[in-house]
Amino acid sequence: MKSLSNRNLCLLLSLLILVAIPASAIENGLGKTPPMGWNSWNKFGCNVSEKLIREVADAVVTSGMKEAGYKYVVIDDCWQVKRAADGTIVADPERFPSGIKALGDYVHSKGLLFGIYSDAGWKTCAGRPGSHGYEFQDARTYASWGVDYLKYDWCNAERQDSIESYTLMSKALQATGRPILFSLCEWGSTKPWLWAKDVGNIWRSTGDIVNCWDCKEKWGGLGVVHILDLLDGTESYAGPGHFNDPDMLEVGNGKLTPDENRAHFAMWAILAAPLIAGNDLRSMDAETKAVLTDKEVLAIDQDSLGKQGRRVAKDGEKEVWARELQGGNRAVALLNRATTPQSITVKWEDLGYPAHLSAQLRDLWQHKDLGAKSGSFTATVAPHAVVLVTVKP
Ligand code: GLA
């Protein structure tokens with residue numbers, strides 16, 4: 001009989017382990033509130049290097065992002081070039097001459113956490129080696145490098161079963177004994193909100209975000225409001241430790257207007273979304289910084305109840321989205337998708353409150369108390385903008 005090749009043996013062992021370990025909710029204690037950090041993809045694509053990641057880690061600290069709660073610094077695709085003879089994944093020696101372990105150590109020395117990217121298929125989306133057949137070996141390598149976060153993509157995996165593939169890597173990560181936040185990225189193609197709670201901490205619910213308000217790209221990329229539409233209806237599946245992921249932020253990447261940047265960020269907070277900045281933190285302007293580090297908006301995203309908001313009213317391009325907060329309060333976004341200013345009203349009944357209830361309102365972007373209101377609240381909202389308020393009975 002022909003002996004099994006190393007790769008086939010690895011695959012067989014992985015499958016046996018998968019069958020032997022019963023499925024259970026991921027118990028890594030991570031992501032009780034949506035993770036916050038930075039990822040290289042939106043701004044830099046494949047142009048990643050240890051120099052960039054170190055500089056960004058420095059900037060997370062000096063810009064005030066760390067103090068605001070951003071923790072993870074994540075290298076996306078293209079850090080890896082091949083496998084060594086023993087199967088170990090190898091980082092690009094030109095772009096990462098000191099190696100990934102040293103880079104992780106540097107990120108940790110800044111009091112931050114370190115994330116990396118791989119793919120459940122044979123190759124990543126950019127054609128680098130994927131983890132298929134090497135799940136346990138890769139997980140051990142990541143743990144030995146001090147990785148705290150893995151984003152796991154779904155390119156070149158057409159013949160694989162998504163639940164099996166992601167469960168396998170989930171088990172592999174857990175087997176390392178190192179808490180590693182597991183970020184699934186299969187773009188919502190097999191409805192991960194229905195099954196991924198037991199597998200990872202966050203799961204992408206849609207295709208890739210593109211840097212625009214409402215465009216749609218032929219390859220599947222979606223502007224901010226199209227992603228928003230797809231998230232409506234997924235709210236019941238999110239909670240502490242397991243969140244829908246509407247993709248990384250485009251705030252500060254130069255295409256959205258100041259109002260659109262604020263609306264994008266506010267809506268991600270209403271969605272209890274992971275807040276993974278995607279801009280160049282080394283050269284961020286004051287306005288971008290003010291959006292990304294706004295304490296009151298961040299407090300909505302990070303509310304400990306972990307409840308994802310939903311659209312509670314829609315009248316053409318005027319929408320009301322609301323999220324329940326701890327203590328029975330609500331965060332409400334009056335979203336104007338039109339290109340002209342609109343008067344938008346939220347009714348207490350749409351928030352699950354009795355109409356006569358008196359509640360204190362606060363405008364979060366204005367940092368201003370609006371006093372007590374009963375029954376409803378109306379504001380004029382600029383084009384492609386959000387008025388974000390908290391409602392406290
Ligand atoms: C996919 C993912 C993106 C990014 C790229 C990298 O498109 O959805 O977020 O990771 O791959 O190639």
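Start at 1 and go down the list; that is how both ligands and their atoms are numbered.
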With under 30° as parallel and over 60° as perpendicular, where do the rings of Tyr166 and Tyr152 fit, or are they tilted in between?
-> perpendicular
Touching ligand 1 at all, Tyr117? Heavy atoms, strictly under 4.0 Å?
-> yes
Can a donor-acceptor pair be found between the side chains of Gln137 and Thr141 at a distance below 3.5 Å?
-> no
Record the part of Cys78 in heavy-atom contact with ligand 1 below 4.0 Å; permitted values are side chain, backbone, both and neither.
-> neither
May I ask you to identify the nearest protein heavy atom to atom 10 (O) of ligand 1, giving residue, atom name and distance to one decimal place in Å?
-> Asp76 OD1, 2.6 Å
Ligand 1 and Trp41, any nitrogen or oxygen pair closer than 3.5 angstrom?
-> no
Which residue and non-hydrogen atom of the protein lie closest to atom 12 (O) of ligand 1, and at what distance in Å?
-> Asp77 OD2, 2.8 Å
How many angstroms lie between CG in Asp369 and NZ in Lys392, if you round to the nearest 0.5 Å?
-> 8.5 Å
Verify the ring-centre separation between Trp321 and Trp268: is it less than 6.0 angstrom?
-> no
Among all protein heavy atoms, pick the one closest to atom 7 (O) of ligand 1 and tell me residue, atom and distance.
-> Asp208 OD2, 2.7 Å
Assess the side chains of Asp285 and Thr288: does a donor N or O sit below 3.5 Å from an acceptor N or O?
-> yes
Is it true that Asp153 lies under 4.0 Å from ligand 1, counting heavy atoms only?
-> yes
